[in-house]
Amino acid sequence: MTEITIPNFDIALTADSGQCFRFNRTGERDYQLIAHGRVLTVRDLGEGRYLLGCEQGEFEALWRHYFDLETDYAAILSGLPADDAFLQAAARYAGGLRILRQDPWETLIGFIISQRKNLASIKSCMAAISRRFGAPIPGTDAYAFPTPGQLAAATLDELNACALGYRSRYIQQTARLIADGALDLAALDGLPDAAMRAALVTLPGVGVKIADCVMLFGYHRTRAFPHDVWINRVVEREYGGQTPAENLGPYAGVIQQYMFCYARGPAYRPAPDASQANARRGSGNPLA
DNA sequence: AACCAGGGGTACC
DNA sequence: GGTACCCATGGT
């Protein structure tokens, strides 16, 4: 057990932020994270104090970096444009978010699954895949996320049994490309953003939106600004259809998460007229 | 260029 | 107990 203090960290918001699919609330104050082939339990003690179910050495070696504790989020928050009322409100609501430093491979598969699914469904699929194809984590009832080789060996029937729908084919094909070495995910780390995105979208089931999510959450490319339906609504309602991403600087992706979680959460009440206009327009992409 | 595949969890009514 | 909707992509 290790007790740590993290100022301005909202673990409930982060676990449910949609960036990580193996981070769950298990009780009033308790959370379980599966990453690095391990299970980490976290108890929220309040006032920025957290009790981690690991030794100090493991925290320093793995989790300090995973939770991006080296990054000064207070500086990002204080650097937000003061005249942007929506962004200021989003930062007040979601300023406790951190961009976790997740594994690119797991992030890639997670976001291929994410298309046209809600968060609970994505988490359920990721758990099913891990249980069926991943290695059991000793001393727990949890399973590590499968390696590219393990997923590449899966049959379509087995993948379909994980409720992946039409994504089964994408995942099988992508897993084979990674397992065969046709695309080296580790090698992408050295590429500039545009080249990394171009490489990612060559994978089946990966378009620009998914690639941007993998860049932001799997490679910590904080300029990446994924345009999902929630952000598109925000851009339509709050920014007149003009995406603010270009003006948001090196932490645009962090700001995207503030906007995303705020827009999706209960605190955000868009202007009635704009909201109804969008609702009437239906399910289409407002920017399309 | 519109339209649809396939399906599951959940918030709504 | 329906119904709509969800961090889209690729093929027709």
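Protein chains get the first letters and strands the later ones, always in sequence-line order, with residue 1 at the start of each. Treat the numbers as computed from the prediction; the structure is a model and nothing was measured.
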Out of B:dT10, C:dT9, B:dG7, whichever nucleotide has its closest atom nearest the side chain of A:Gln115: C:dT9
Let me check something: any side-chain donor-acceptor pairs from residues 137-145 of chain A under 3.5 Å, sequence neighbours excluded? List them with distances.
{"unit_1": "A:Thr140", "atom_1": "OG1", "unit_2": "A:Ile137", "atom_2": "O", "d": "2.8"}
{"unit_1": "A:Thr140", "atom_1": "OG1", "unit_2": "A:Ala142", "atom_2": "N", "d": "3.0"}

Using a strict 4.0 Å threshold on nitrogen-to-oxygen distance, state whether A:Glu70 and A:Arg64 make a salt bridge. no
Can you say whether a donor on the side chain of A:Tyr166 sits under 3.5 Å from an acceptor on the base of C:dA8, or the other way round? yes
With sequence neighbours excluded, what pairs up with A:Asp228 under the salt bridge (Lys or Arg N to Asp or Glu O under 4.0 Å) test? none
Among B:dG9, C:dA8, C:dG10, which is the nearest nucleotide to the side chain of A:Tyr170? C:dG10
Other than A:Leu51, what residues sit in its cluster of Ile, Leu, Val, Met, Phe, Trp and Tyr side chains whose heavy atoms are under 4.5 Å apart, directly or through others? A:Met1, A:Leu45
Students often mix this up, so state it plainly: with edges at 30° and 60°, are the rings of A:Tyr268 and A:Tyr262 parallel, tilted or perpendicular? tilted
Give me the distance, rounded to whole Å, that separates B:dC4 from C:dC5 when you measure between the P atoms they each carry. 15 Å
Whole-Å distance, A:Arg264 CZ to B:dC12 P, equals 13 Å
Whole Å only: how far is the CD1 atom of A:Ile171 from the P atom of C:dA8? 15 Å
Here the residues of residues 16-34 of chain A within 4.0 Å heavy-atom distance, strictly under, of DNA chain C are A:Ser17, A:Gly18, A:Gln19
Give the ring-plane orientation class for A:Tyr66 versus A:Trp63, where under 30° counts as parallel, over 60° as perpendicular and anything between as tilted. perpendicular
Using a heavy-atom cut-off of 4.0 Å across all strands, would you classify A:Leu203 as base, sugar-phosphate, or nothing? sugar-phosphate
For A:Glu60 and A:Gln56, test the side chains for any donor-to-acceptor distance below 3.5 angstrom and give the result as yes or no. yes
5′-ward residue of the pair A:Gly165/A:Asn118 relative to DNA chain B: A:Gly165
A:Ile129 has an atom CD1; how far is it from atom P of B:dG8, in whole Å? 14 Å
Which stems, defined as runs of 3 or more consecutive Watson-Crick or G-U wobble pairs with both pairing distances under 3.5 Å, involve DNA chain B? B:2-5 with C:9-12, B:8-13 with C:1-6
Between atom CD1 in A:Ile112 and atom C1' in C:dA8, what is the gap in whole Å? 11 Å
Classify the ring geometry of A:Phe21 against A:Phe111: parallel below 30°, tilted from 30° to 60°, perpendicular beyond 60°. tilted
Listed once per pair and sorted, the salt bridge (Lys or Arg N to Asp or Glu O under 4.0 Å) pairs that draw on residues 13-41 of chain A, sequence neighbours left out: A:Asp30-A:Arg43, A:Arg38-A:Glu58
